[in-house]
Amino acid sequence: MKTQPLKPLIIASLPVFASVFIAATLVWHFNTPKLVMPFVLGIIAGGLVDLDNRLTGRLKNIVITVVLFTLSSLLAQSTIGTGVPFILAMTLMTFGFTILGTIGLKYRTFAFGALAVATYTTLTYTPETYWLTNPVMILLGTVLYSVNTLIFQIILPHRPVQETVANAYDALSNYFDAKADFFDPDEAAWLGNRQIDLAMSNTGVITAFNQCRGALFYRLRGQHRHPRTAKMLRYYLCAQDMHERISSAHVDYSEMAEQLKNTDLIFRIRRLLEMQGQACRNVASSLRNNKPYAYSKRLGRAMEGCRQSLSHFAETHADNANLHNIRRLLDNLSSVDYQLRQLQNDASLAENDNANTRIAALENTKFRNIGETVLSQLNFESGVFRHATRLSIVVAAACIIVEILHLNLGYWILLTALFVCQPNYTATKSRVYQRIAGTILGVIVGSLVPYFTPSVETKLWIVIASTTLFFMTRSYKYSFSTFFITIQALTSLSLAGLDVYHAMPIRIIDTIVGSVIAWAAATYLWPDWRYLTLSHTAAQTITANGRYLDAILDQLQNGSRDDFDYRLTRRQAHESTAALSSTLSDMSSNPKKYQNRLQDGFTLLKTSYALTGHISALGAYRDQVHHDGSDTFAPYARLTHHIAELLKQMPQTEPATFDASIEAIRQEFADLEQTDKEQSQQNQILKHQLDLIIRQLAPCYQALHRQSDTQTA
């Protein structure tokens with residue numbers, strides 16, 4: 001009988017379980033329970049910097065990790081107890097490592113891991129222990145974890161990539177559900193709220209796509225592409241194509257809902273979108289379970305039902321102004337249906353391994369570019385620089401408190417402050433509550449451990465279980481992970497021969513003090529809410545939409561091709577819209593601070609996202625534009641170019657200049673309607689989409705500049 005596949009969370013936790021189990025076994029065998037704490041902390045540090053990569057990439061990451069961990073651990077160990085030198089060393093190390101995060105995610109992860117190792121070294125310090133013991137044990141733990149990750153990668157080489165692709169399809173399924181709400185005729189009056197919900201859902205899609213892109217990037221850097229990786233790349237590109245098509249806006253949804261409210265067509269479209277969303281979930285499930293995806297025949301019947309319903313509607317409403325646009329909408333849904341059918345055919349997904357399937361680099365690691373990148377961020381307009389400065393002050397404050405008061409085990413304050421203090425005020429505040437709650441609950445449960453686990457063997461099993469559960473919960477519930485790591489810490493202290501009951505109240509007090517320091521820093525030291533430049537983020541969104549429209553125009557003129565440059569421009573447009581959505585989400589968590597800016601902010605989000613949708617609709621249509629050699633397309637190209645240029649210049653455009661430009665565009669569009677009497681379906685669609693885009697220009701400009709004026713005031 002075939003066993004069911006393990007859950008992804010369990011699979012991801014296997015390396016840490018194996019590492020802690022081996023560490024506990026060695027400690028038990030050599031009867032050195034005092035070494036449990038540094039050994040396991042080294043394993044945890046290795047897990048914190050674990051990044052998916054191909055085998056050679058992992059080996060390079062391990063070398064970088066060991067070098068950074070060695071430097072940070074030895075520096076902390078050699079200066080601890082020296083007072084001012086130790087405080088200066090920890091502060092400078094914090095700033096230097098944090099500012100490295102400007103280079104990219106990989107370096108940000110390594111830097112934070114190095115800071116954690118320095119802190120772990122202070123936690124395990126005791127005057128009677130030989131000075132090299134704890135740094136060596138921490139490094140051995142890191143190496144042990146790294147070796148286990150290599151072994152599990154050899155056993156399950158493609159599991160991490162499949163999981164990120166599955167997450168992308170899960171996020172896409174939620175987006176389909178949000179888009180389906182636009183086809184509820186009873187909710188037509190509330191479509192403005194639905195637009196905001198859709199934009200917020202789009203942020204989740206972009207985040208999942210970026211994680212997927214990162215996983216694929218590191219796997220595709222070599223000369224040889226494994227067929228499985230190539231297949232995952234095709235899954236990712238299919239998801240991107242479906243996202244462009246489903247984010248397209250072909251009609252004014254309020255008008256359409258009113259026109260179709262007494263027909264079955266709108267309900268069929270809604271049902272089809274929901275079923276396609278479920279199909280995306282099925283794709284994700286098949287990837288996680290390592291099974292072939294099976295296209296649903298029921299979905300095929302729903303697609304055919306929509307086509308038949310549209311044919312009937314066309315016969316009875318031949319004069320409906322939106323008929324062509326509804327046809328385009330169904331064409332897009334048919335394209336999504338085609339992509340889902342293709343996913344069923346594994347063979348086709350491994351093909352097309354060419355230049356058009358490149359992935360954009362995540363960071364530029366040339367030394368000259370690294371220097372330029374870091375130097376460009378050394379100002380308070382940079383979020384990374386603000387966080388580096390803020391975190392350095394937090395670390396210095398925690399170290400000063402411990403050194404002045406000579407606190408035994410006081411470096412829990414430093415550990416708490418380091419992990420709680422986040423670049424974002426809202427995230428820091430959330431972590432404060434979760435850290436304190438998790439610690440208190442962990443102390444309560446951990447206080448019972450000595451009663452029920454008197455033997456070393458039983459305590460070691462508690463360490464294995466709590467460390468593994470910490471890793472399983474840290475990515476989705478911080479309070480749970482804090483709870484488990486508190487139990488692990490108290491049990492490790494018990495194994496080291498320390499008085500657990502004396503340590504428990506100190507652990508709670510240190511956690512509260514560290515959390516308060518982190519909260520105060522996030523609140524009063526260059527808080528991010530003072531730098532939430534909504535107008536700047538919105539300006540980047542509108543400019544990116546202008547570049548996206550330019551890229552589409554190039555393809556309309558020269559032929560459709562889903563190449564690297566086009567996909568990069570499309571992704572940047574959606575990423576900037578997602579950044580605007582994220583900024584508004586952060587601001588919404590502090591309505592008192594932003595109450596005079598939120599309404600205009602949401603108006604700006606709705607209009608800019610509607611603009612992205614209408615441009616995406618042109619992008620989805622680019623493969624169906626045909627030129628017959630005549631000049632009929634030239635006026636459309638000129639008009640599209642003028643709109644794109646206005647979008648790219650909109651943030652810097654003065655009101656009088658904008659009024660003149662928008663009036664010229666409107667006149668150009670009116671002239672186009674008068675001169676082009678051909679009324680072909682292609683021209684009607686182009687006119688309609690350009691009309692929808694033009695309608696958004698003035699609202700976008702007004703909302704953007706109202707936001708700028710409010711922020712200046």
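Numbers here are sequence positions counted from 1.
With hydrogens and angles disregarded, no donor-acceptor distance shorter than 3.5 Å links the side chain of Thr428 to the backbone of Ala522. Using a distance-only test at 3.5 Å, with no hydrogens or angles considered, a donor-acceptor pair links the side chain of Arg390 to the main chain of Trp526. Side chain of Thr416 to backbone of Ile413: no donor-acceptor contact under 3.5 angstrom is found. A side-chain donor-acceptor contact under 3.5 Å links Arg386 to the backbone of Phe380. No donor-acceptor distance shorter than 3.5 angstrom exists from the side chain of Ser494 to the backbone of Leu490, with no hydrogens or angles considered.
Tested against Tyr145, the residues Asp50, Leu140, Ile22 include a single side-chain contact (heavy atoms from CB on, under 4.5 Å) partner, Asp50.
At most 12 heavy atoms of other shown residues, nucleotides or ligands fall within 6.0 angstrom of atom CZ in Phe21.
The closest side-chain heavy-atom distance from Ile517 to Ile401 is below 4.5 Å. Between Asn379 and Phe385, every side-chain heavy-atom pair lies at or beyond the 4.5 Å cut-off.
A donor and an acceptor atom, one from each side chain of Asn134 and Gln77, are nowhere located under 3.5 Å apart. There is no side-chain donor-acceptor pair under 3.5 Å between Thr149 and Gln153.
In this structure Phe86 satisfies the ring pair (Phe, Tyr, Trp, His ring centres under 6.0 Å) test together with Tyr411, sequence neighbours excluded.
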Side-chain atoms of residues 63-71: list all donor-acceptor pairs with protein atoms under 3.5 Å, sequence neighbours left out, distances to 0.1 Å.
{"unit_1": "Thr65", "atom_1": "OG1", "unit_2": "Asn61", "atom_2": "O", "d": "2.7"}
{"unit_1": "Thr70", "atom_1": "OG1", "unit_2": "Val66", "atom_2": "O", "d": "2.6"}

Contacts table for residues 109-121: side-chain donor-acceptor under 3.5 angstrom, sequence neighbours left out:
{"unit_1": "Thr109", "atom_1": "OG1", "unit_2": "Leu105", "atom_2": "O", "d": "2.9"}
{"unit_1": "Thr119", "atom_1": "OG1", "unit_2": "Leu115", "atom_2": "O", "d": "3.0"}
{"unit_1": "Thr121", "atom_1": "OG1", "unit_2": "Ser73", "atom_2": "OG", "d": "2.9"}
{"unit_1": "Thr121", "atom_1": "OG1", "unit_2": "Val117", "atom_2": "O", "d": "2.8"}

Go through it in stages, so that I can follow the logic: the residues are His574 and Phe209, the test is ring pair (Phe, Tyr, Trp, His ring centres under 6.0 Å), and I'd like the CA-CA distance, side-chain angles, deciding distance and then a yes or no. CA-CA 11 Å; His574 282 286; Phe209 277 13; 8.9 Å; no
